[in-house]
Amino acid sequence: MTHSSLHPQIILASMPWAIFNRPSIQLGCLKSYIETSTRYRVTTLHPYLDIAQAIGITNYNIIADNSWAGEALFSALLFPAQRDKAKKVFKESLGLKAKQLPAFDSLLSNLEESCKQWIDRVDWRSYQLAGFSLCFSQLLASLYIATQLKHMPACPPIVFGGSSCGGTLGTSLLRAFSVIDYIIDGEGETPLAGLCAYLSGDSNQLPARVLSRRSFTDRVAAPDITDINTLPTPDYSSYFQELHRVFPDSPFIPTLPLEFSRGCWWNKCTFCNLNLQWSGYRWKKATKVLKELEQLTTSHQCLDYTFTDNSLPPREADVFFDTVTKSNADYRFFAEVRGITTPDKLKKHRCGGLDTIQVGIESLSNSLLAKMKKGVSVIENIAIMKYAMTAGIVLEGNLIIEFPGSTSEEVNKTVENLEYVRPYHPLSAATFFLGHGSPIDLSPVAYGIKAVTRHRKNRALFPMNIFQNLDLLTKEYRGDRQKQRKLWQPVRESIARWQHFHSHRNSTFSCALSYRDGGGFLIIRQELPQAPPLRHRLQGFSRAIYLFCDEIRTVNDICGQFKNLKESAILAFIHQLCQKRLMYRENNRILSLAIHRH
């Protein structure tokens with residue numbers, strides 16, 4: 001490469017099985033950064049749109065919702081000898097949903113033809129570098145396309161980056177696959193800019209955190225961008241151009257990703273490996289995010305947004321949603337948040353457009369929460385479930401089951417507490433998996449794990465000579481897995497009943513546990529499975545205490561508020577309502593569970 005090209009070009013792609021109705025924020029951020037800080041021009045492509053069109057949107061969603069199924073399809077294309085094993089993984093991972101899809105071989109034919117057409121559509125000779133952004137379920141698709149490109153006479157150098165390439169993950173990929181020329185370890189803006197300079201001759205050495213086939217040394221460094229407020233707004237223009245080509249009739253309006261922060265301000269959960277590519281926690285000012293929101297809304301005429309953060313920065317998020325409340329735009333936002341135990345905050349966020357939240361509930365056992373280092377207690381988890389429903393926000397969350405080292409007492413406590421949260425939006429059961437680089441992976445013995453092993457499904461997807469030398473995001477372990485599977489079966493069954501209860505409710509009431517206030521009395525309506533609703537009337541001090549405990553209160557708080565009542569009488573009342581699942585008590589903290597029906 002020479003300096004003669006005024007605007008050398010690179011191409012960046014995000015492969016299946018990314019969510020097809022949104023552009024890749026990774027590509028959008030890289031395009032903006034490279035084009036504003038270098039002389040390079042960036043073409044970003046989203047071939048998952050072509051795949052969704054080829055196999056059908058519904059089929060794409062079913063496959064994309066299961067990480068193993070999508071990887072199995074591209075395993076069969078990349079490694080034909082693994083085809084039968086990959087087919088087995090595909091069917092096993094999807095279960096009954098596999099019957100809703102075309103036959104495995106038919107899907108393969110569609111994928112192969114769609115990828116071929118996509119490759120043929122691009123003039124690869126025009127680019128000095130081809131990059132692939134790898135997040136969950138994008139590894140084998142990226143390897144497949146990279147392999148096809150390497151068969152071409154004018155293939156540019158190929159670089160992989162993203163959360164699936166951090167640390168030893170990237171090093172093992174570089175060793176195992178000769179089609180990869182470079183790996184970017186960690187966030188990509190400045191390393192990619194440095195790699196562009198290196199390839200065009202503007203620099204005589206690779207930048208830090210770029211690994212090559214001649215340099216396998218992991219170079220872990222502090223983030224190059226310490227202030228992410230300096231980053232430009234993501235550029236999603238290419239996605240909309242592709243969307244118009246692939247789906248000219250516009251069957252959907254995209255949801256646009258927004259980035260408020262990088263990393264996690266808590267970053268202590270023992271099972272989590274979502275922050276491998278980040279160094280430290282950095283966040284944007286609300287004014288910066290509001291500016292990006294305005295620019296993206298004006299450019300693309302979209303009103304639905306998803307925050308990509310592991311957890312929103314609390315103070316700046318307050319400013320952001322308060323400001324959006326004052327605007328005239330009818331936005332809807334999805335965000336991951338940590339426990340918020342004040343109802344007014346969620347109500348304000350809802351007024352600012354926060355429509356759906358992902359909350360790391362993870363457990364309804366305090367001893368398990370301590371093992372997970374969640375930093376919250378059960379009553380706080382219950383509170384945010386209640387407050388979200390009160391505010392009209394959909395709460396999506398999981399209960400981690402089969403956590404290594406779980407005891408029968410922890411399982412029994414979980415089953416018991418599931419009865420208290422039945423009125424709220426049901427959670428999903430998430431079987432514990434061992435994530436590469438998580439605290440449990442780094443200290444397995446402390447959690448009763450005898451040996452860490454490579455995942456059996458990856459054994460089926462990769463040839464043995466490659467599999468034995470790969471580090472991948474998902475691992476397995478030997479320990480008490482069989483015991484945990486049996487131990488947690490009652491929780492699986494209880495969650496299934498919870499989900500069935502809500503899916504079969506035939507009620508005009510938004511919540512299965514609600515109250516109406518008559519001034520001097522309350523009427524509480526309580527729905528139960530396969531039984532007529534119960535109604536409870538609370539009068540006088542009973543009503544007052546119940547309303548006072550709309551937020552978490554201590555016994556001392558209650559006694560201080562109602563000094564004319566004996567503590568024994570207060571505790572007797574609380575015990576009675578806990579028995580009826582109308583209140584929840586955790587040691588000396590109390591929470592009323594019913595939601596006000598206005």
Side-chain angles (χ1 to χ4, degrees), residues 9-28 30-31 42-67 69-78 90 101-127 130-152 155-156 158 160 162 179 235-257 300 302:
Q9 300 185 73
I10 66 173
I11 189 167
L12 302 176
S14 179
M15 297 301 296
W17 297 89
I19 299 174
F20 78 92
N21 71 335
R22 64 186 65 169
S24 164
I25 190 168
Q26 294 88 350
L27 267 54
L30 291 171
K31 177 178 173 65
V42 181
T43 297
T44 59
L45 294 176
H46 304 74
Y48 53 80
L49 286 171
D50 296 88
I51 300 296
Q53 194 277 333
I55 68 174
I57 287 175
T58 300
N59 295 334
Y60 185 97
N61 278 335
I62 292 173
I63 297 169
D65 197 42
N66 185 292
S67 58
E71 293 287 64
L73 285 166
F74 278 100
S75 168
L77 291 176
L78 180 60
F90 179 82
L101 296 169
F104 185 79
D105 292 344
S106 175
L107 285 168
L108 288 184
S109 297
N110 281 336
L111 288 178
E112 187 173 31
E113 179 60 26
S114 181
C115 289
K116 182 181 183 302
Q117 292 176 3
W118 179 76
I119 290 173
D120 291 344
R121 193 178 297 120
V122 178
D123 181 11
W124 298 96
R125 296 170 298 178
S126 302
Y127 298 98
F132 293 86
S133 173
L134 276 65
C135 195
F136 301 110
S137 308
Q138 293 181 300
L139 174 59
L140 281 157
S142 300
L143 286 169
Y144 174 70
I145 292 295
T147 301
Q148 301 305 304
L149 293 181
K150 283 296 185 180
H151 292 157
M152 299 169 56
C155 176
I158 291 176
F160 278 18
V179 297
D235 186 341
Y236 298 139
S237 57
S238 298
Y239 173 86
F240 282 89
Q241 293 168 7
E242 293 172 82
L243 179 63
H244 181 72
R245 172 183 61 80
V246 178
F247 293 104
D249 295 330
S250 299
F252 62 89
I253 295 176
T255 296
L256 301 187
H300 306 300
C302 293

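These figures come from a predicted structure and were not determined experimentally.
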Applying side chain to side chain donor-acceptor pair (under 3.5 Å), name anything that partners Gln53, two or more places apart in sequence or on another chain. none
Between Ser114 and Asn110 (side chain of the first, backbone of the second, donor and acceptor by atom type, cut-off under 3.5 Å), is there such a pair? no
Could you tabulate the donor-acceptor pairs under 3.5 Å formed by side-chain atoms of residues 242-254, not counting sequence neighbours?
residue: Glu242; atom: OE1; partner: His46; partner atom: N; Å: 2.7
residue: Glu242; atom: OE2; partner: His46; partner atom: N; Å: 3.2
residue: Glu242; atom: OE2; partner: His46; partner atom: ND1; Å: 2.8
residue: Arg245; atom: NH1; partner: Asp50; partner atom: OD2; Å: 3.2
residue: Arg245; atom: NH2; partner: Asp50; partner atom: OD1; Å: 3.4
residue: Arg245; atom: NH2; partner: Asp50; partner atom: OD2; Å: 3.3

Kindly write out the residues that satisfy side chain to side chain donor-acceptor pair (under 3.5 Å) with Asn61, not counting sequence neighbours, or none if the list is empty. none
Let me see the working for Phe20 and Ile51 under side chain to side chain contact (heavy atoms under 4.5 Å, CB included), right down to the final yes or no. CA-CA 9 Å; Phe20 78 92; Ile51 300 296; over 6 Å; no
What closest approach, in Å, do Cys302 and Phe240 show between heavy atoms, and which atom pair accounts for it? SG-CZ, 3.9 Å
Report the distance from atom CG of Asp235 to atom CD1 of Ile25, rounding to the nearest 0.5 Å. 12.5 Å
Point-to-point distance, once rounded to the nearest 0.5 Å, from CG of Leu12 to OH of Tyr127: 10.0 Å
Considering only heavy atoms from C-beta outward, does the side chain of Val42 approach that of Leu30 to under 4.5 Å? no
Above 12 or not: heavy atoms from other molecules or residues under 6.0 Å from NZ of Lys116? no
Looking at CD1 of Ile119 and CG of Leu149, how far apart are the two atoms once the value is rounded to the nearest 0.5 Å? 5.0 Å
Considering non-hydrogen atoms only, spot the tightest contact between Leu140 and Leu78 and give its length. CD2-CD2, 3.8 Å
Rounded distance (nearest 0.5 Å) linking atom CD of Gln9 with atom OG1 of Thr43: 5.5 Å
Can you check whether Pro47 reaches Cys115 side chain to side chain, under 4.5 Å on heavy atoms? no
Heavy-atom pair of closest approach, residues Lys150 and Val179: CE-O, 3.1 Å
Would you mind telling me which of Ser133, Ser24, Ser67, Ser14 makes a side-chain hydrogen bond (donor to acceptor under 3.5 Å, both in side chains) with Gln138? Ser14
Minimum heavy-atom distance between Lys31 and Ser238, given as atom pair plus value: CE-OG, 4.2 Å
Given side chains that start at C-beta, do those of Tyr239 and Leu49 come closer than 4.5 Å, heavy atoms only? yes
Centroid-centroid distance, Phe132 to Phe160, less than 6.0 Å: yes
Kindly give the heavy-atom pair with the smallest separation between Trp124 and Met152, and that separation in Å. CD1-CE, 3.4 Å
Would you say the side chain of Leu45 lies within less than 4.5 Å of the side chain of Trp118, judging by non-hydrogen atoms? yes
So how far is it from Leu256 CG to Tyr236 OH, rounded to the nearest 0.5 Å? 6.5 Å
Between Phe136 and Trp17, ring centroids under 6.0 Å: no
Hey, what do you get for CD1 (Ile63) to CD (Glu71), rounding to the nearest 0.5 Å? 12.0 Å
Leu73 and Phe104, any side-chain heavy atoms less than 4.5 Å apart: yes
